[in-house]
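Take a look at the structure below.
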Amino acid sequence: MPISKARYLMLLVCVQLVVMAMLYREGYRKRVAYFIGIFWKDNLVTSDLAEQPHATGNRKPSWDIYANLSLIVKPFVRKEDLPFCPDKSPYVGGPFRVLFPSKLTMADVEKKNPFVTMGGHYKPPDCESKHRTAIIIPHRNREVHLKYLLYYLHPFLQRQQLHYAIYIIHQAGNYTFNRAKLLNVGFKEAMRDDDWSCLFFHDVDLIPEDDRNLYVCDEHPKHASIAMDKFGYKLPYNSYFGGVSALTPEQYMKINGFPNNYWGWGGEDDDIAIRVALTGMIITRPSVQVGRYRMIKHEHDKGNEENPKRFNLLAKTRRTWRQDGMNTMEYTVLSREVLPLYTNITVDVGTDKGLRKDTRGSG
Ligand SMILES: *[C@@H]1O[C@H](CO)[C@@H](O)[C@H](O)[C@H]1NC(C)=O
Ligand SMILES: *[C@@H]1O[C@H](CO)[C@@H](O)[C@H](O)[C@H]1NC(C)=O
Ligand SMILES: *[C@@H]1O[C@H](CO)[C@@H](O)[C@H](O)[C@H]1NC(C)=O
C-alpha cells in the first residue's frame, strides 16, 4: 500500500512539473514564480508579518527592517556629553524585506517606534547626529499607504542614525491635487520648526527597499527613487525627478522652490528638473542597486487626473520659473496636528484661479 501511495504522489509531482514547464514556456514566468513562492512560503515569512510572497526579482532580502533596533538604548550620560554618531551607521544592513501585512494598525507602528516623539520627531538616543532631515509627504485620502510608509520609513531612518521629522501636507477640500505646491508648503512649514539641513520630498506610495539609500543631501539636488518596481527597477528617462527627491534649503531657494501651477497628475517633476538644470546644478543619484523602491498599487486618484496643460507649462518653464515658486506661493494653514508618528499640516492651496475663500473648510 505505501508504495502505490508514493507512486501516486510521484505522478502528481510530475504532472505539476509538466504544467509548470508549459506555463514557463508560454512566458508565464511570474505565475511560476508565484507557485514556487507558495511552496517556499514557510521559509520566506516569519512572525505576524506573514502575507503572500512577492516576486522580488533576483534578490531575496530576508531580514526585517526592525531587526536589532531594540539594541539602541539611551546611555546614562548628559545630552551634551553624547558623542557624534559615526560616519557610517552600524545599523545599516542593505536590502530588507518589504511586505504589506493587512492587519497592521497605526498603533502597531507606534509601539514599534518607542523613541519617536510627538510630531514624528526622532534623534538617535545614543549619539549626536550630524544630519537633520525633514521628510515632506504630500497627501490626500491615502491613509492605508501612509500607514505602510510610516511602518518602513521610521525604522529605515533610525537605522541611518538621522535626526529627522515626518511632515504630512494634507490638501484640504476636493479641488484638483497640486503635489508641487504642497511640497512648497511643506518646505516652508518644516523650516519654521527646525533648522533642517536636508529636505526629502517623498511620495506616499513609495517604500524604500535598501537602507544604504541614505536620506541625507548631496552637493547637488538628489533624486533617490532611481529604481522603482513600476518601471522594472530602471530609470524611465534620464532627467526623471519624480517619486523621492532631496534638496538642501540653499539648493531649494536657488531654484525658487517648485512650481505652484501644476494642477493634477504629471509634469511638475520635469519642471523641477528643468529648474535644477537652469541654475547650473546637476542631479545626483544613488546606484540602481541601492535606490530601489516598491510602489504600493492603487487606482488613479479621483481629484488627481492627468494634467492636460503640463506640456504647455513645461515649454514655458525657462521663462516663468523666477515668477512662479517660493516667492509667489500663497496658502492658508487650516490646522496643524502634532500626532505620535507625524505632523499633519492641513492647508488650503486654493485653485488654479488663485486663493479663494470658498475653497476653505472641509478636510
Ligand atoms: C543583528 O545583530 C546580529 C548580532 O550582532 C548580527 O549578526 C546581525 O547581522 C544583525 N542583523 C541586522 C539586520 O542588523
Ligand atoms: C468633497 O467630497 C466629499 C465626497 O464626495 C463630500 O462629502 C464633501 O462635501 C466635499 N467637500 C467639499 C468642500 O466640496
Ligand atoms: C490631517 O488633518 C485633517 C484635518 O483635521 C484631516 O481631515 C486628515 O484626515 C488628517 N490626515 C491625516 C493623514 O492624519
Side-chain angles (χ1 to χ4, degrees), residues 44-47 49 59-73 85-86 88-99 104-110 112-113 116 118-121 124 126 135-161 165-175 177-179 182-183 185-186 189-190 202-206 208-214 290 296 298 301-304 331-349 359-363:
L44 276 178
V45 293
T46 55
S47 77
L49 289 182
R59 302 197 302 181
K60 287 197 189 70
S62 59
W63 61 277
D64 186 278
I65 185 73
Y66 285 93
N68 294 353
L69 270 194
S70 59
L71 298 177
I72 304 178
V73 290
C85 300
K88 199 164 178 287
S89 167
Y91 304 108
V92 164
F96 51 87
R97 189 174 61 220
V98 175
L99 301 168
L104 186 76
T105 66
M106 243 359 156
D108 296 333
V109 184
E110 269 176 57
K112 290 202 139 237
N113 292 281
V116 174
M118 288 306 284
H121 288 252
D126 53 348
I135 313 287
I136 313 287
I137 303 168
H139 182 266
R140 187 165 67 184
N141 303 332
R142 294 280 204 90
E143 275 72 12
V144 176
H145 295 177
L146 182 60
K147 181 181 72 181
Y148 289 124
L149 179 62
L150 293 170
Y151 177 81
Y152 284 103
L153 209 48
H154 274 296
F156 174 90
L157 298 165
Q158 289 162 29
R159 300 193 90 85
Q160 300 182 359
Q161 297 186 308
I166 297 182
Y167 298 89
I168 307 298
I169 315 299
H170 175 90
Q171 180 172 334
N174 294 339
Y175 195 73
F177 200 63
N178 188 329
R179 174 177 181 266
L182 291 172
L183 295 175
V185 172
E189 293 298 318
H202 210 296
D203 280 0
V204 70
D205 53 1
L206 285 176
E209 297 185 79
D210 192 316
D211 64 358
R212 292 172 298 177
N213 182 4
L214 300 181
V290 165
I296 310 173
H298 58 89
D301 292 287
K302 223 177 117 213
N304 193 18
Y331 65 98
T332 313
V333 171
L334 301 180
S335 69
R336 194 179 177 103
E337 295 171 3
V338 176
L339 301 167
L341 292 169
Y342 58 91
T343 300
N344 174 12
I345 297 170
T346 299
V347 57
D348 173 10
V349 291
T359 60
R360 296 190 193 175
S362 128

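Note that ligands are numbered from 1 as they come in the structure, with each ligand's atoms numbered from 1 the same way.
- Nearest heavy-atom pair, L183 versus P138, reported as atom, atom and distance to 0.1 Å: CD2-CD, 3.7 Å.
- Interface atoms of ligand 3 facing T346, defined by a heavy-atom separation under 4.0 Å, are 1 (C), 2 (O), 3 (C), 4 (C).
- Looking at L334 against ligand 3, nothing comes within 4.0 Å, counting heavy atoms.
- Taking every heavy atom of Y342 and a limit of under 4.0 angstrom, the matching atoms of ligand 3 come to 12 (C), 13 (C), 14 (O).
- Exactly one of H170, R336, H139, E337 qualifies for a side chain to side chain donor-acceptor pair (under 3.5 Å) with N344. That residue is E337.
- For the pair R142 (side chain) and D205 (backbone), a donor-acceptor distance under 3.5 Å is absent.
- Close contacts between ligand 3 and L146 involve ligand atoms 13 (C) [criterion: under 4.0 Å to a heavy atom].
- Counting only distance, with no hydrogens or angles, the side chain of R140 and the backbone of G173 share a donor-acceptor pair below 3.5 Å.
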Would D203 and R179 satisfy salt bridge (Lys or Arg N to Asp or Glu O under 4.0 Å), going step by step from the backbone distance to the final call? CA-CA 9 Å; D203 280 0; R179 174 177 181 266; 2.8 Å; yes
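- The two residues P340 and V116 have their closest heavy-atom pair at O-CG1, 3.6 Å.
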Output block, N or O contacts of ligand 1, threshold 3.5 Å exclusive:
from: ligand 1; atom 1: 2 (O); to: N68; atom 2: OD1; distance (Å): 3.4
from: ligand 1; atom 1: 2 (O); to: N68; atom 2: ND2; distance (Å): 2.2
from: ligand 1; atom 1: 11 (N); to: N68; atom 2: ND2; distance (Å): 3.0
from: ligand 1; atom 1: 14 (O); to: N68; atom 2: ND2; distance (Å): 3.2
from: ligand 1; atom 1: 14 (O); to: R159; atom 2: NH2; distance (Å): 3.4

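- Here Y66 and F96 keep their ring centres 6.0 angstrom or further from each other.
- In terms of modelled atom types and a separation under 3.5 Å, the side chain of S89 and the main chain of R159 share a donor-acceptor contact.
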